[in-house]
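Report on the structure given below.
Reminder, nothing fancy here: chain letters follow the sequence lines and each chain counts from 1. Note that the structure is predicted; figures quoted are calculated from it, not measured. Below, each value reflects all heavy atoms present in this structure, side chains not excepted, and no hydrogens, waters or symmetry copies.
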Amino acid sequence: MTYQWFTIYNSTLFLKGLNVRDTYCGTIRKEDVDKTVTLAGWVFRRRDHGGLIFADLRDVTGLVQIVFSPEISKEAHERAGDIRSEYVLKVTGKVLRRPDETENPNLPTGQIEVYVSSFEVLNTCKVLPFQLDDEEINEATRLRYRYLDMRRPDMQKIFIERSKAYAVTRDYLLSKGFYEFETPLLTKSTPEGARDFVVPSRLNTGMFYALPQSPQLFKQLLMMSGFERYFQIARCFRDEDLRADRQPEFTQIDIEMSFVGREDVMSVNEGLIIALYEALKGKKPPEVPFPRMTFAEAMEKYGSDKPDLRFDLTITDLTSIFLKTEFGVFKKTIESGGLVKAIVLKGKTLSRKDLDVSVDMAKELGAGGLIWMRKDAEGLQSPIVKFLSDEEKSQMISLLGVEAGDVIFIMSDKPGRVSDLMGRFRLYIGEKYDLIDKSLDKFLWIIDFPLLEYSEEEKRYVARHHPFTSPKEKLVGFDGNYDAILANAYDLVFNGVELGGGSIRNHRTEDQAEMFRLLNIKDEEASDKFGFLLEALEMGAPPHGGIAFGFDRILMMFLGLSSIRDVIAFPKTQKGSCLLTGAPSRVAPRQLTELKIRTMTD
RNA sequence: GGGGUCGUAGUUAAGCCUGGUUAUAACGCCGGCCUGUCACGCCGGAGGCCGCGAGUUCAAUUCUCGUCGACCCCGCCA
């Protein structure tokens, strides 16, 4: 499949008379020798040799060396002395083969150069706050002058790739019979899930819109309208604290389908992700179809619902070995329903200091402690080994398959907590001891999530995905074990990062009512918050389900970047401010008066 | 809400632990020289509220506290 965006570089697309130039800098090759070209772009670097002046002229396609020589034009050469970095020029000149020994193999245009016969300064440029070819500039400075930051070729490449990704997404989904929609940005606040950004309504004093956390309810309504396949490249807003991979506004590829089950949604969307992967990475994904793992297995073996499979290092449950232990820590934990879990680090030599650092790290992660054991020719060495029976030691050695030189790390805590801690400790060890093969790319579907999870904060069960997710099997004869109900939900994980997730929804009123009952949401409350959806379910709602992918996150991962800000044109800082525009800011008192809003100070 | 790292010429950093001379370097900038450079080179020069505020001290870029800002993480968030 070829895409149109490449053809922008094809000169046949120029509109005669409207363009200042007739050729793009980065496209000139030795085949163009002897042509007279008119270029337009920015002066990237200038090398003034007195008698001869070289400059690199850059436009969106790349750069080409231009030469000002008094032998071609005395006037141009003289005026060229005043040219400075980032001046905007229109130059006309002849393409010539570079002399022997002066070709630059590092440049696509390195075999030729353009001898300038005349030029025009379209605009001058102040001295920039940072050099465009400087690799390491403080991110705050880059964000303050984001338009300059994005003038850098590396950044341009990212946003050209981003544009390509939009096109691939639309192309793929349209070819699969999806229709593209837009849904409101000014909508109703939904109390479940993340904190809403809120927008006051002038026409309705004291009332507020919310910006959507996702188009969830609208896309379900579109299924009820009968469009059957919906997608949107949708902006979403969540007023929560930020991270390297989280922004307050971000873009999702939002998808919903009717008359489908889990497998349909997963296979269509696996196709989309493969198309994006191929377009951005220029190669096929290593394993197709993507492997799958249940949530239970992921938590058990990797201590995470988004395991990074680029390294092995799985977690082993040792609880059964220590059921009758005399070792106080394990004994107490197990008696109160906790578990003992271990990972084994093989083939690395750890000093006593390394081990101490590991213990500190575990505590930093929030663990009560970390026990290490080293296997040598004599047996297991550890500060706690004297508390363990020979039986326990030999069982551990055989269950974990440890050999001389290996180190066992053990934690014990409440079941959910020890899994989570071990999962994060596993990532730390993987990173620290270089176990992660960064050349690998590992996709993984996680399926069979629990429908509900207990919220310590709210002291009740809440929907793990969202309250419209259907259970995997109909809730017949529910026995009160909330944790055991599985959801018809799925997440796509890539190298330990969640790219997206979705579910098959409840499409019958009674199933949705049952869900609200489980969540302990009363009828009135449900109808107040989601009444319009419940009503729609009663009017011939088809079975439906969907998924949403974090578009920015996909780009970040597939382009090998470590910050989501690098793939967003004008991102916000960790405190949600825009260093370029100065948002958020105070507004004029009149604006607040119109809205009948008074601000409080503490 | 909590933990951590950082803030010094336009930029990127050193100096700070161990307080005291003119605050150092590279790149950039300005001037001069240079016809084969491509991170051009050579010579010369300018450029600092050491984030901000308080405290300790004879003396603070340096120590202490606060504050503002940037980044990373936990909580939070799909």
Side-chain angles (χ1 to χ4, degrees), chain A residues 44-57 63-72 77 81 84-86 96 98-107 109-110 113 115 126-145 148 192-196 213-214 216 236-248 250 252 254 305-306 361 363-367 420-421 424 427-428 446 449 453 455-457 463-466 469 489-493 497-503 547-550 553 562-563 565 572-577 579:
Chain A
F44 198 39
R45 271 183 289 257
R46 197 175 54 102
R47 294 172 292 280
D48 186 345
H49 287 239
L52 203 58
I53 298 172
F54 299 97
D56 297 326
L57 195 69
L63 54 82
V64 68
Q65 174 162 281
I66 57 178
V67 189
F68 298 90
S69 165
E71 287 156 28
I72 302 297
H77 175 260
R84 292 293 178 268
S85 282
E86 297 302 308
L96 287 178
R98 290 196 189 190
D100 288 345
E101 309 289 308
T102 66
E103 290 187 5
N104 186 342
N106 302 320
L107 290 179
T109 57
E113 57 197 350
Y115 274 76
K126 293 213 301 189
V127 176
L128 299 185
F130 56 86
Q131 291 158 253
L132 297 190
D133 54 359
D134 207 333
E135 294 279 313
E136 285 174 51
I137 308 149
N138 189 312
E139 199 179 354
T141 311
R142 289 174 52 200
L143 293 180
R144 166 79 179 79
Y145 302 98
L148 295 179
E192 299 280 310
R195 190 177 294 116
D196 286 319
Q213 297 173 23
S214 78
Q216 181 62 36
C236 305
F237 305 85
R238 290 177 190 160
D239 188 7
E240 297 292 347
D241 287 358
L242 309 182
R243 288 284 190 286
D245 61 352
R246 287 199 317 227
Q247 279 276 298
F250 60 98
Q252 278 191 348
D254 195 46
D305 61 355
K306 41 179 194 283
M361 191 59 207
K363 286 182 177 162
E364 212 168 290
L365 293 173
D420 178 53
L421 289 169
R424 282 193 275 146
L427 290 177
Y428 162 75
I446 301 290
F449 280 86
E453 67 186 346
S455 162
E456 288 290 345
E457 193 186 336
R464 187 182 169 89
H465 184 56
H466 56 56
T469 302
Y490 30 80
D491 273 7
L492 182 62
V493 174
V497 171
E498 185 202 322
L499 295 185
S503 64
I547 196 165
F549 294 102
R553 211 177 266 184
S562 52
S563 167
R565 293 183 298 275
K572 297 190 171 49
T573 70
Q574 197 166 46
K575 286 188 76 183
S577 65
L579 298 180

Should [N] form a Watson-Crick or G-U wobble pair with both distances under 3.5 Å, which nucleotide is its partner?
N	result
B:G69	B:C6
B:C42	B:G32
B:C58	B:G20

Just compare [options] and give me whichever is closest to any side-chain atom of [X].
X	options	value
A:L579	B:A70, B:C38, B:A78	B:A70
A:S85	B:C77, B:C38, B:C29	B:C29
A:R84	B:G36, B:G69, B:C30	B:C30
A:D241	B:U35, B:G75, B:C71	B:G75
A:S577	B:C72, B:A70, B:U12	B:A70
A:Q213	B:C73, B:A78, B:C34	B:A78
A:T141	B:C30, B:U37, B:U12	B:U12
A:D56	B:C38, B:A78, B:G69	B:C38
A:F54	B:U11, B:A78, B:U37	B:U37
A:T573	B:G36, B:A70, B:G31	B:A70

SB check [X] [Y] (cutoff 4.0 Å):
X	Y	result
A:R98	A:E103	no
A:E139	A:R565	yes
A:R47	A:D56	yes

Please work out if [X] contacts a base, only the sugar-phosphate, or nothing of the nucleic acid, heavy-atom cut-off 4.0 Å.
X	answer
A:R424	sugar-phosphate
A:E71	base
A:H466	nothing
A:Q247	nothing
A:E113	base
A:R246	base
A:Y490	nothing
A:R464	base
A:R565	sugar-phosphate

Output the rounded distance in Å from [atom1] ([X]) to [atom2] ([N]).
X	N	atom1	atom2	answer
A:R144	B:C71	CZ	C1'	19 Å
A:L52	B:G41	CG	P	16 Å
A:Q574	B:G69	CD	P	12 Å
A:I72	B:U35	CD1	C1'	12 Å

Check the phosphate of [N] against [X], side-chain N and O only, distance under 4.0 Å to OP1 or OP2. Yes or no?
X	N	answer
A:R45	B:C40	yes
A:R46	B:G28	no
A:R47	B:U37	no

Review point. Looking at RNA chain B, which of residues 126-136 of chain A put a heavy atom within less than 4.0 Å of it?
Key: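 Within this stretch, A:V127, A:P129, A:Q131, A:D134, A:E136 sit under 4.0 Å of the strand.
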
